[in-house]
Amino acid sequence: MTVIQIKDIAQYEGQEVTLRGWVYNRTDKGRLQFIQFRDGTGIAQCVAFKKEMSPEAFEIAGKLTQESSVIVTGTVRKDERAPGIPGGYEVGLSKLELVQMADEYPITPKDHGVEFLMDNRHLWVRSTRQWAILRIRATIINAMRNWLDDNGYMLVDTPILTPSAGEDTTTLFKIDYFGEPAFLAQTGQLYNEANMAAFGKVYCFGPTFRAEKSKTRRHLMEFWMLEPEMAFFSLEDLMDMEEQFISHVVQTVLAKHRAELEILERDTSKLEKVVAPFARISYDEAVERLQKLAAETEDPEQKELLQMEWGGDFGSPHETAIAEMFDQPVFVYNYPSAVKAFYMQPVEGRPEVCRSVDLLAPEGYGEITGGSERISDPALIDERIARIGLPREAYAWYLQLRQYGSVPHAGFGIGLERTVAWICGLPHIRETIPYARMLNRKYP
RNA sequence: UCCACAGUAGCUCAAUGGCAGAGCAAUCGGCUGUUAACCGAUGGGUUCCUGGUUCGAGUCCAGGCUGUGGAGCCA
């Protein structure tokens, strides 16, 4: 008895194999049963023919309900008519052992609404689309980490439970830490700066938490973020590195997941173009382009949405409009200091803008990375912390980093789920993570 | 938090203020090549909640709850 995985089925043509898994769908033709059978690695058609099985086994085959668990044995044969993933091969069954006859399964092969599917997320992950997305997610994580590990970056974990980070705790989840307040981390960035000075090029990767009351297709309360931080890196070094990194991730998915991208009906020609170098425009130029576009736009509603004054941050319509000007991801750098974080290095001779850079994904997927050169001057970082009213004592350790061998450094954060949504071409972020935590949902 | 829309069978949806309906799923029967199979039969309802208008409310009105889409905030 050779137990095989469906993804390898082509290697076993003509051989007797055993599959262990679940019934995805079944077509009853009387003395012939077509069972779409999945094992987690793919879907294969199993054909149960009355004359080729024991009467007991054939009777069970004819009663199998959707998602019943079964162990089947039969001979692999090539047949162009056979559907499945990869498809083209089917198994002519000789034996069938029922593990459990499933109750009436709520998710049928027909259409369902969003709420119903999210309520049944624990079952929905078995469906083909979700299966494809989560497999690609796993590969994206793997490709990100491999590229970093292969290019001299070291994984250094940062804490999830953190002390008070300052006066603005409205976007932090507060928890009780033995009678003291503590908060779930919304970034590993500050700890990364300490680790950068210890190891040179580092990154952290883990879940982060934002208690923002955001209700959009691009927000989760719990999402996974990967944040590299590099000593002696300039803004230009950062962009060079990011475009290599992103290209590697996208090209790895293309190489490994053609079948999954096809299930998702993803236009892969758009992904083929994601190869370094990417376009780079300054914030100033982006604003100019948006103003020009707004002036040329006929539709009054669209015109209104594209209104933009220098000094503001981009809204979702702005990001989409800029991204549409390019068929690749585009870097926008030197944002106004006022709309960015306190630790970002001002541009020399022009302190109203800072050495920051966001990477906007094409096709309206918006910002997928945000980063900057950090302030390395101890006096300046001290002043910034004082100016925005952060408690000095809470940041004492962070300020010390500038006293002991301060160096120019830079880093960025990339939101995993937004990256998955973009690469998979999904309309909503809720399908990019196994169990989404959203404004109105924490079940299942 | 704001704006818009929705809530009817397990699911997806119909129903001019006048008998609560279909497809899928389930159950039973038929079929040796199905691709979300097909054909026949059967069972299945607190029409989101509370109150109101009316001879009569799934339908109209008020309030609430839940969800969806968008905005803001952000990765």
Side-chain angles (χ1 to χ4, degrees), chain A residues 24-36 43-52 58 62-63 65-67 77 79-85 87-88 90 92 101-120 123-124 127-128 168 170-171 186-189 207-227 301 304-305 312-320 339-341 358-361 365-371 412-422 427-430 432-433 438-441:
Chain A
Y24 195 63
N25 202 358
R26 180 171 63 88
T27 300
D28 186 339
K29 290 284 295 176
R31 264 166 282 187
L32 193 59
Q33 301 285 335
F34 295 100
I35 302 160
Q36 306 309 321
I43 296 178
Q45 173 159 278
C46 294
V47 183
F49 184 36
K50 194 168 188 174
K51 287 184 189 164
E52 292 167 359
F58 186 79
K63 285 184 173 163
T65 52
Q66 197 185 345
E67 291 303 321
R77 57 184 179 234
D79 193 319
E80 284 181 5
R81 294 169 297 184
I85 306 164
E90 63 182 22
M101 188 68 84
D103 287 348
E104 186 178 342
Y105 190 65
I107 301 178
T108 68
K110 294 280 181 182
D111 292 337
H112 298 285
V114 171
E115 188 186 9
F116 174 79
L117 289 170
M118 288 304 287
D119 282 344
N120 288 284
L123 304 175
W124 192 23
S127 298
T128 307
D168 181 23
T170 54
T171 65
Q186 57 176 345
T187 174
Q189 140 88 41
T208 52
F209 306 88
R210 307 241 170 132
E212 290 159 7
K213 297 211 166 176
S214 304
K215 193 179 104 45
T216 80
R217 62 172 75 182
R218 290 165 37 188
H219 284 86
L220 294 167
M221 302 301 109
E222 174 182 307
F223 68 98
W224 287 65
M225 188 158 66
L226 186 145
E227 297 173 277
E301 202 174 318
E304 172 70 27
L305 283 173
D313 206 352
F314 299 127
S316 163
H318 303 120
E319 282 185 358
T320 303
V339 301
K340 288 292 177 184
D358 286 356
L359 182 65
L360 306 183
Y365 283 95
E367 182 185 342
I368 53 167
T369 81
F412 72 98
I414 178 167
L416 176 65
E417 286 76 17
R418 284 191 184 176
T419 307
V420 175
W422 164 48
H428 201 294
I429 201 165
R430 62 185 158 229
T432 63
I433 185 165
M438 295 182 298
L439 194 53
N440 295 317
R441 175 173 297 280

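Here is the naming used below: chain letters follow the sequence lines, and residue numbers restart at 1 for every chain.
Counting only heavy atoms from C-beta outward, the side chains of A:Leu220 and A:Met438 approach each other to under 4.5 Å.
Note that OH of A:Tyr365 is 10.5 Å distant from OG1 of A:Thr320, once rounded to the nearest 0.5 Å. Atom CD of residue A:Glu52 and atom CZ of residue A:Arg31 lie 13.5 Å apart, to the nearest 0.5 angstrom. With values rounded to the nearest 0.5 angstrom, A:Leu359 atom CG is found 5.0 Å from A:Ile368 atom CD1.
Among pairs with a residue in residues 218-227 of chain A, those fulfilling salt bridge (Lys or Arg N to Asp or Glu O under 4.0 Å) read A:Arg218-A:Glu319, at least two apart in sequence or across chains.
One donor-acceptor pair, N or O on each side, does fall under 3.5 Å between the base of B:rG33 and the side chain of A:Glu90. The base of B:rG72 has none of its N or O atoms less than 3.5 Å from a complementary donor or acceptor on the side chain of A:Lys213. For A:Asp313 and B:rC74, a side-chain-to-base donor-acceptor distance below 3.5 Å is absent, hydrogens and geometry of angles not being considered.
Remark: A:Lys29 engages no residue in a salt bridge (Lys or Arg N to Asp or Glu O under 4.0 Å) (not counting sequence neighbours). For A:Asp111, there are no salt bridge (Lys or Arg N to Asp or Glu O under 4.0 Å) partners, not counting sequence neighbours. Among residues two or more places apart in sequence or in another chain, the salt bridge (Lys or Arg N to Asp or Glu O under 4.0 Å) test is passed with A:Asp313 by none.
Among the heavy atoms of the strands lying under 4.0 Å from A:Leu220 is at least one base atom, whether or not backbone atoms are also near. Using a 4.0 Å heavy-atom cutoff across all strands shown, A:Arg31 reaches sugar-phosphate atoms only and no base atom. A:Pro83 comes within contact range of at least one nucleobase, with a heavy-atom separation under 4.0 Å. Across all strands, A:Gly366 comes closer than 4.0 Å to no nucleic acid atom at all (heavy-atom distances). Nucleic acid contact for A:Asp28: base, since at least one base atom lies under 4.0 Å from a heavy atom of the residue.
Counting only distance, with no hydrogens or angles, the side chain of A:Glu90 and the backbone of A:Val47 share no donor-acceptor pair below 3.5 Å. With hydrogens and angles disregarded, a donor-acceptor distance shorter than 3.5 Å links the side chain of A:Thr208 to the backbone of A:Phe223.
In the set B:rC74, B:rU68, B:rU34, B:rU34 carries the atom at the smallest distance from any side-chain atom of A:Thr27. Across B:rU66, B:rU34, B:rC74, the shortest atom-to-atom separation from the side chain of A:Glu115 is found for B:rU66. Closest to the A:Gln36 side chain, of the nucleotides B:rU34, B:rU32, B:rG69, is B:rU34. Taking the side chain of A:Arg210 as heavy atoms from C-beta on, and the options B:rA36, B:rG33, B:rC74, the nearest nucleotide is B:rC74. Proximity note for A:Gln45 (side chain, C-beta onward) versus B:rC74, B:rU12, B:rU34: the nearest is B:rU34. Comparing B:rG33, B:rA71, B:rG10 against the side chain of A:Ser316 picks out B:rA71 as the nearest. You'll find that the side chain of A:Leu32 is closest to B:rU32, out of B:rU12, B:rU32, B:rC74. With distances taken from any side-chain atom of A:Phe34 to the nucleotides B:rU34, B:rC74, B:rU1, the minimum falls on B:rU34. Comparing B:rC73, B:rC11, B:rU34 by their nearest atom to the side chain of A:His112 picks out B:rC11. The side chain of A:Thr216 approaches B:rG72 more closely than any other nucleotide in the set B:rG33, B:rG72, B:rU66.
Where A:Ser214 and A:Met438 meet RNA chain B, the nucleotide closest to each residue was compared, and A:Met438 sits on the side nearer the 5' end. If A:Ala82 and A:Gly30 are placed on RNA chain B by their nearest nucleotide, the residue sitting closer to the 5' end is A:Gly30.
Spacing between atom CZ of A:Phe116 and atom P of B:rC13 amounts to 12 Å, rounded to whole angstrom units.
Salt bridge A:Asp28/A:Lys63: absent, no basic N to carboxylate O contact under 4.0 Å.
Using Watson-Crick or G-U wobble geometry with both donor-acceptor distances under 3.5 Å, B:rC38 finds its partner in B:rG30. Base pairing analysis places B:rC24 opposite B:rG10; the two distances defining the Watson-Crick or G-U wobble pair are each below 3.5 Å. With a 3.5 Å ceiling on both atom-pair distances, B:rU59 lacks any Watson-Crick or G-U wobble partner. With a cut-off of 3.5 Å on both pairing distances, the Watson-Crick or G-U wobble partner of B:rA4 is B:rU68. The nucleotide B:rG17 finds no pairing partner, because no Watson-Crick or G-U wobble arrangement with both distances shorter than 3.5 Å includes it.
Applying the 4.0 Å criterion to OP1 and OP2 of B:rG69, one finds that A:Arg430 has a side-chain N or O inside that range.
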In the 5'-to-3' direction, what one-character label does each nucleotide of nucleotides 23-29 of chain B receive under the scheme B = base within less than 4.0 Å of a protein heavy atom, S = sugar-phosphate only, - = no such atom? -SBS---
Write down the protein N/O and nucleotide N/O pairs, taken from nucleotides 43-45 of chain B, whose separation is under 3.5 Å; answer none if there are no such pairs.
none

